[in-house]
Amino acid sequence: MIGRRTEWSLDLPERYYTLESYEGGVARWCPGCGDHGVLTAVQRICRDEQIPPEKVVAVSGIGCSSRFPHYMHTYGFHGLHGRALPVACGVKARRPDLHVWVATGDGDCCSIGAGHWIHGVRYNMDMTVMLFDNNIYGLTKKQTSPTSPMGLVTNTHPSGAWLPPINVVQSVLGFTNASFVARTVDWNLAHLHQTLRTAYHHKGLSFIHILQRCTAYTADLFDRLRNDPTKLLLLTHDDGVPVDPAVGKLYTNQRVHDPSDLAAARQLAEPDDVVPIGLFYRNPDAPLYETFTEHGLTMTVEDKLAAVERELDRFAV
Ligand code: SF4
């Protein structure tokens with residue numbers, strides 16, 4: 001009978017998180033924008049891993065993809081242009097128990113944020129960094145970005161972009177202490193999901209270069225890769241991104257690549273007509289900066305005051 005004393009319990013009911021637990025505001029990206037798929041993939045991973053929403057932080061800079069934190073029902077920080085990584089590092093330094101997802105774009109990360117990009121990767125704090133690369137500044141309506149291909153007609157280069165684009169994966173593989181570098185595409189949700197999931201489980205900064213469609217300004221840019229799956233080279237390995245059977249069937253152009261081989265990873269990242277996707281490089285032994293920033297986090301207020309007093313006493317005259 002309901003209300004009988006034997007049915008009472010002071011135990012909290014076990015929480016189960018559904019997809020809705022992570023869904024924030026209605027995403028206002030354009031219809032067909034690749035950002036929608038990435039958002040769904042992250043929400044699914046959070047659900048599958050049953051991460052309490054209050055333990056998740058989405059951090060971003062400025063740009064279309066940087067609206068990401070608004071669409072997560074978690075903690076979030078929509079920061080300044082190019083400053084997603086310093087904020088994310090700050091979060092991890094004080095709260096290493098939180099799961100940090102960083103959303104940044106090719107303009108945000110590879111231009112104004114390039115200095116932070118280098119050092120964020122070098123700090124190797126445990127977080128998942130997603131570079132949404134649509135080869136254009138979308139939010140500000142079609143200016144040349146650091147990854148725009150030569151000849152792309154934009155509002156800042158009406159006769160076509162002049163300079164060769166930054167090779168994102170090649171760049172990251174050149175940064176000191178890089179510990180996880182992968183590439184995926186927004187239009188294959190299975191590969192996108194598996195790549196982000198593998199990244200999430202990496203202890204350290206996992207950097208994922210996501211080729212992302214911008215239906216408004218670079219709609220045809222990836223058609224060559226989308227219409228001919230042999231133009232993508234699927235990297236496979238037991239220590240790499242697990243290959244879903246449907247993905248393996250679609251992308252028949254495959255290569256076994258050992259992600260511990262940095263020299264081979266750098267060779268694969270060379271510009272080519274065929275674009276590799278999967279895990280280029282992983283080093284689980286790269287030092288993590290939070291190993292150092294964690295010191296003192298458990299100190300009480302009294303301990304901290306005593307430590308400050310001790311330091312000041314050293315300079316007493
Ligand atoms: Fe997406 Fe491009 Fe629209 Fe921005 S402008 S929301 S990148 S489709």
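The model shown is predicted, which means the values in this text are computed figures rather than measured ones. Numbering of ligands and ligand atoms starts at 1, following listing order. Below, each value reflects all heavy atoms present in this structure, side chains not excepted, and no hydrogens, waters or symmetry copies.
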Atom indices of ligand 1 within 4.0 angstrom of Q212 heavy atoms, with elements: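 What qualifies from ligand 1 is 7 (S).
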
Centre-to-centre under 6.0 Å for [X] and [Y], is that the case here?
{"X": "F68", "Y": "W101", "answer": "no"}
{"X": "F180", "Y": "H202", "answer": "yes"}
{"X": "H191", "Y": "Y251", "answer": "no"}

Number of protein N, O or S atoms [distance to atom 3 (Fe) of ligand 1 under 2.8 Å]: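 For atom 3 (Fe) of ligand 1, the figure is 1.
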
Structural part of N134 in contact with ligand 1, heavy atom criterion under 4.0 angstrom: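 Only the side chain of N134 comes within reach of ligand 1.
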
Side chain, backbone, both or neither: the part of R213 lying under 4.0 Å from ligand 1 by heavy atom: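 Looking at R213 and ligand 1, no heavy atom falls under 4.0 Å.
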
Ring pair (Phe, Tyr, Trp, His ring centres under 6.0 Å) involving H237 - partner list, sequence neighbours excluded: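 H237 satisfies ring pair (Phe, Tyr, Trp, His ring centres under 6.0 Å) with no other residue.
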
With sequence neighbours excluded, residues passing ring pair (Phe, Tyr, Trp, His ring centres under 6.0 Å) with Y217: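 Residues passing ring pair (Phe, Tyr, Trp, His ring centres under 6.0 Å) with Y217: none at all.
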
Main-chain N/O of I62 paired to D108 side chain as donor or acceptor, under 3.5 Å: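 Flag set: sc D108 to bb I62 pair under 3.5 Å.
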
Proximity flag K141 to ligand 1, non-hydrogen atoms under 4.0 Å: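 Under 4.0 Å: no for K141.
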
Sequence neighbours excluded - salt bridge (Lys or Arg N to Asp or Glu O under 4.0 Å) pairs with any residue from residues 167-191: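 For residues 167-191, and leaving out neighbouring residues, the salt bridge (Lys or Arg N to Asp or Glu O under 4.0 Å) pairs sorted by first residue read D186-R213.
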
Short side-chain donor-acceptor distance under 3.5 Å, D35 and Q212: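 Checked: Q212/D35 side chains pair up, N/O donor to acceptor below 3.5 Å.
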
